[in-house]
2 protein chains.
Amino acid sequence: MALATRERILEAAGGTLSRNPNASLDQIAVEARVGRATVFRHFESRAGLLKALAGRAIAETDRATRLAAADARTATDALRLITQAVVGAGESFRFLDSAAELYDEPEIVEAYQRQMSELADLVEATRREGFIRPDLPTAWVVASIDGLIWAACRAVGDGELGVVQAQDLVWETIADGLSTEGAREDRDAE
Amino acid sequence: MALATRERILEAAGGTLSRNPNASLDQIAVEARVGRATVFRHFESRAGLLKALAGRAIAETDRATRLAAADARTATDALRLITQAVVGAGESFRFLDSAAELYDEPEIVEAYQRQMSELADLVEATRREGFIRPDLPTAWVVASIDGLIWAACRAVGDGELGVVQAQDLVWETIADGLSTEGAREDRDAE
DNA sequence: CATCGACGAGACTTTAGCGTCTCATTCAGG
DNA sequence: CCTGAATGAGACGCTAAAGTCTCGTCGATG
């Protein structure tokens, strides 16, 4: 039971915080159908809960990265798998909008920077495969991917797109952009 | 003087809140080199300050939209001008990360939805000009543009890119995506 | 010089939310 | 049936921050 309760609290916290970034522990406890005291039995403090939640998101991303590295034959394919995995797990990340406090947690900040740096390395690798345009700064490529993933998660959360649809669209947009000016001319030979 | 003070408070609030989404009125007052009481002389409450700040951002966007409509010969060009104007004014928008409270302000929500709907209309217009790929849902196009603008503002704020550079990259990415797969073959005739 | 409005400083009250603690209840295992 | 661990309910104290109020100062204006 203990584990189930802890999990239920984390789940509720993720959901509630993604809807209302400043939700109180009261609201989270209610959402989790749990007494507020129980939240403190499982987590040291509000910061501890946030930290656990962030740790979960980081672990999930790491897992997706490992799977992608195992399955993909090219860096480009790995980038695609990771991107789509993160969009799929988007609900686990939306709470981060609110989590300015997490910038005070060295562990979390470090893990986040590590993942960003891994992403940058992966982007470099895809660049060597000829996937990424050589004239784009890596910082911008990483930022764009981040922004598009965020947009996709938002669109899914708002019910504007389905998860699978969003996963496909993110990758298409990364690869080809939004305009007809290039990609589609290749494909459709207009 | 009254106007200058009010403006200084708004400026400080935008800056402080973009760095720390949960900044107190104390911090904002200090940043504005103003007594905390003076903040209340100019704004009814914290919510009032936030609302004024949001109103400012909305007005700035409307202004950019009007200018773009006046200057641009095509919808595509208008979309470019608006996108780049918003990136240029990005500092006025970053505080919105923190402003979950604003969802309770009908005026602001309505104005935001109106702007999003105007953007959607503009996207439709560029689609008729053959700019946007016909197979992409408008909701996704709007969301992507939003995401890329957000990414650009973040990159500028973090010092990773210059403003002009970010403005160009956003538009390039919207138009051509990140990959070599289409656009660059057109341009460089590889 | 007198006046008046804007301001800074800071005391004060109130409220929301965090974190602690206690106690009764429930439920599973022996 | 007995025991102990996990929980729910809720009281309690504490702090940060919002919002109010007063008073003294400064500076522009007549």
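Convention: sequence-line order gives letters A, B, ...; per-chain numbering from 1.
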Before you tell me yes or no, could you show the steps for B:R63 and B:E60 under salt bridge (Lys or Arg N to Asp or Glu O under 4.0 Å), namely the whole-Å CA-CA distance, both residues' side-chain angles and the distance that decides it to 0.1 Å?
CA-CA 5 Å; B:R63 190 173 146 277; B:E60 194 155 359; 5.7 Å; no

Mind calculating the distance between [atom1] ([X]) and [atom2] ([N]) to the nearest angstrom?
| X | N | atom1 | atom2 | value |
| --- | --- | --- | --- | --- |
| B:R46 | C:dT15 | CZ | C1' | 15 Å |
| B:R8 | C:dA6 | CZ | P | 15 Å |
| B:F40 | C:dC12 | CZ | C1' | 14 Å |
| B:F43 | C:dA6 | CZ | C1' | 15 Å |
| B:E44 | D:dA18 | CD | P | 15 Å |

Is a side-chain donor-acceptor pair under 3.5 Å present for B:E129 with B:T76?
yes

Is it the case that B:T5 and B:R41 place a side-chain donor and acceptor less than 3.5 Å from each other?
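Per modelled atom types, B:T5 and B:R41 side chains form no pair under 3.5 Å.
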
Please answer whether the main-chain N or O of [Y] pairs with a side-chain N or O of [X] as donor and acceptor at a distance below 3.5 Å.
| X | Y | answer |
| --- | --- | --- |
| A:E31 | A:G15 | no |
| B:R36 | B:D26 | no |
| A:Q27 | A:S24 | yes |
| A:R154 | B:G147 | no |

Contact pattern, 5' to 3', of nucleotides 11-16 of chain D - B, S or - by protein heavy atom under 4.0 Å:
B-----

Name the residue from A:V109, A:D62, A:L119 that meets the side chain to side chain contact (heavy atoms under 4.5 Å, CB included) definition with A:R114.
A:D62

Is a donor-acceptor pair below 3.5 Å formed from side chain B:R41 to base C:dG5, judging by atom type as modelled?
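No, no donor-acceptor pair under 3.5 Å.
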
Are OP1 or OP2 of [N] and a side-chain N or O of [X] less than 4.0 angstrom apart?
| X | N | answer |
| --- | --- | --- |
| B:S45 | D:dA18 | no |
| A:H42 | D:dA6 | no |
| A:T38 | D:dT7 | no |

Contact check, residues 21-35 of chain A vs DNA chain D, heavy-atom distance under 4.0 Å, returns A:R33, A:V34, A:G35

Given side-chain hydrogen bond (donor to acceptor under 3.5 Å, both in side chains), test A:S18 with A:E91 step by step and report yes or no.
CA-CA 8 Å; A:S18 71; A:E91 286 307 308; 4.6 Å; no

